[in-house]
Amino acid sequence: MNRAEHIAIIMDGNGRWAKKRGMPRVKGHEKGAETVREITKYCAQNEEIRVLTLFAFSTENWKRPKSEVQFLMKLLERYLKNELPIYLEEGVRFETIGDLSPFSDSLKNRIAFTKESTANQNRLIQVLALNYGGRDEIVRAANRACEKGVKINESNFDSFLDTPGLGEVDILLRTGGEMRLSNFLLWRAAYAELFFTKTLWPDFTPKELESIIKNYKKRERRFGGV
Ligand code: FPP
């Protein structure tokens with residue numbers, strides 16, 4: 001039976017969730033952050049899941065109104081601060097992928113502190129993709145290899161990615177009804193099983209994730225074989 005070791009999620013639909021309720025878009029992000037907590041806890045308590053990668057901010061998201069970008073940055077910093085006791089209680093190690101260089105010093109420090117403080121936790125690795133683009137990460141990896149004078153191949157490439165050792169994505173899920181990858185995890189998701197749900201991210205529940213995992217277990221994965 002397929003093992004769900006690495007789950008990756010494109011968390012879409014926060015804005016629509018808020019709009020439907022006549023609230024500003026940022027309220028959807030706030031509620032979305034609560035869903036992040038619930039889904040992370042569920043994954044930490046499921047022994048089979050080793051990595052949960054969440055698309056929190058893409059390289060394209062800077063194009064949003066300045067006030068929304070600022071809100072997301074503040075929300076992220078607040079989330080990481082509040083979350084530390086929960087990470088420690090649930091055994092979650094915090095990691096990121098993406099280019100952190102444009103973020104404020106205060107957010108960068110919070111990210112570094114959270115990584116250090118959770119480095120020995122071993123039930124789940126929660127990876128936030130921040131200022132992340134799949135092509136951007138591949139180009140960065142290729143440049144790192146180049147700088148070291150290493151000739152890249154399919155086996156050694158992972159060691160040059162933003163956070164090495166996360167492994168292949170098993171389940172790639174997108175909420176919010178759109179059916180596209182939006183430049184997420186292009187290298188690691190080469191053989192991922194894809195799932196799309198119309199549920200908007202703030203409404204997504206551990207129960208729905210559980211049913212997706214059940215469905216995944218029934219799929220036949222051939223990895224190009226017969
Ligand atoms: C997509 O919804 C969501 C984002 C661009 C940001 C994801 C952020 C969160 C889930 C909350 C904060 C995260 C953390 C880790 C604290 P959208 O705004 O594109 O929704 P729409 O398609 O309905 O407009």
Side-chain angles (χ1 to χ4, degrees), residues 7-44 51-87 90 92-100 102-104 106-108 110-115 117-118 124-134 136 162-163 172-185 196-206 208-209:
I7 296 178
I9 309 181
I10 301 174
M11 310 182 285
D12 200 7
N14 294 347
R16 277 166 284 163
W17 182 92
K19 202 173 163 209
K20 261 174 48 182
R21 288 162 177 77
M23 299 195 281
R25 291 175 54 79
V26 293
K27 286 285 167 200
H29 296 317
E30 232 165 39
K31 185 72 169 53
E34 288 174 28
T35 308
V36 170
R37 172 176 302 144
E38 291 314 308
I39 295 299
T40 302
K41 271 193 196 167
Y42 169 81
C43 291
V51 184
L52 171 68
T53 303
L54 300 170
F55 208 171
F57 196 84
S58 80
T59 47
E60 309 308 310
N61 285 154
W62 299 105
K63 292 182 204 150
R64 295 188 173 211
K66 205 173 159 204
S67 58
E68 185 173 339
V69 171
Q70 272 173 351
F71 183 92
L72 278 168
M73 297 298 139
K74 284 223 171 76
L75 177 63
L76 192 59
E77 203 170 326
R78 181 153 43 95
Y79 167 83
L80 289 178
K81 198 169 168 191
N82 292 339
E83 221 56 15
L84 188 54
I86 299 172
Y87 285 141
E90 299 287 338
V92 178
R93 181 180 133 204
F94 172 72
E95 278 294 347
T96 61
I97 50 176
D99 173 11
L100 303 180
F103 294 134
S104 69
S106 146
L107 180 54
K108 278 191 276 201
R110 174 56 59 184
I111 289 169
F113 180 72
T114 312
K115 284 183 186 174
S117 312
T118 61
L124 178 79
I125 308 174
Q126 184 212 54
V127 185
L128 290 189
L130 296 172
N131 188 28
Y132 179 83
D136 199 35
D162 288 343
T163 295
L172 196 154
L173 162 70
R174 181 177 190 135
T175 65
E178 311 283 357
M179 295 171 89
R180 51 177 171 259
L181 293 181
S182 298
N183 197 16
F184 192 37
L185 297 177
F196 299 94
T197 173
K198 289 200 168 103
T199 307
L200 305 175
W201 176 250
D203 289 329
F204 191 70
T205 58
E208 186 169 358
L209 180 56

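Read the numbers this way: they start at 1 and go in the same order the structure lists the ligands and their atoms.
Looking only at protein heavy atoms, the nearest one to atom 13 (C) of ligand 1 is Val36 CG2, 4.3 Å. In this structure, atom 16 (C) of ligand 1 lies nearest to the protein heavy atom Tyr79 CG, 3.5 Å. With respect to atom 24 (O) of ligand 1, the closest heavy atom belonging to the protein is Arg25 NH1, 3.0 Å. Looking only at protein heavy atoms, the nearest one to atom 8 (C) of ligand 1 is Asn14 ND2, 3.7 Å. Atom 15 (C) of ligand 1 has Leu128 CD1, 3.8 Å as its closest protein atom, hydrogens excluded (heavy atom only). For atom 5 (C) of ligand 1, the nearest non-hydrogen atom of the protein is Asn61 OD1, 3.6 Å. Looking only at protein heavy atoms, the nearest one to atom 19 (O) of ligand 1 is Arg64 NH2, 2.8 Å. Among protein heavy atoms, the minimum distance from atom 11 (C) of ligand 1 is reached at His29 O, 3.4 Å.
A donor-acceptor contact shorter than 3.5 Å links the side chain of Trp201 to the backbone of Gly32. Formation of a donor-acceptor pair under 3.5 Å by the Asp162 side chain with backbone atoms of Gly98 is found in this model.
A search for salt bridge (charged side-chain N to carboxylate O under 4.0 Å, His left out) contacts involving Arg25 returns Glu68, not counting sequence neighbours. For Thr199, the side chain to side chain contact (heavy atoms under 4.5 Å, CB included) partners at least two apart in sequence or on another chain are Thr197, Asp203, Phe204, Glu208.
The two residues Gln126 and Val36 make their nearest non-hydrogen contact at NE2-CG1, 3.8 Å.
Checked for salt-bridge contact, Glu83 and Arg110 miss the test: no charged N lies under 4.0 Å from a carboxylate O. Between Lys74 and Glu77 there is no salt bridge, since none of the side-chain N atoms of the basic residue sits less than 4.0 Å from a carboxylate O of the acidic one.
By the 30° and 60° cut-offs, the orientation of the rings of Tyr132 relative to Phe55 is perpendicular.
Atoms of ligand 1 found under 4.0 Å from any heavy atom of Leu75 (numbered from 1 in listed order, with element): 12 (C). Atom numbering of ligand 1 starts at 1 in the shown order; those under 4.0 Å from a heavy atom of Arg16 are 21 (P), 22 (O), 23 (O). Listed by atom number, the atoms of ligand 1 under 4.0 Å from Trp201 heavy atoms are 10 (C). Near Ala33, the atoms of ligand 1 lying under 4.0 angstrom from a non-hydrogen atom of the residue are 11 (C), 16 (C). For ligand 1, the atoms closer than 4.0 angstrom to any heavy atom of Met11 are 1 (C), 2 (O), 3 (C), 10 (C).
Across Ile9, Ile125, Leu124, a single residue satisfies side chain to side chain contact (heavy atoms under 4.5 Å, CB included) together with Cys43, and that is Leu124.
At least one N or O atom of Asp12, backbone or side chain, sits closer than 3.5 Å to an N or O atom of ligand 1.
Ligand 1 has at least one atom lying under 4.0 Å from a heavy atom of Ala56. The shell of residues lying under 4.0 angstrom from ligand 1, judged by heavy atoms, excludes Lys19.
When the shell of 6.0 Å around NZ of Lys115 is examined, it contains more than 12 heavy atoms from other residues, nucleotides or ligands.
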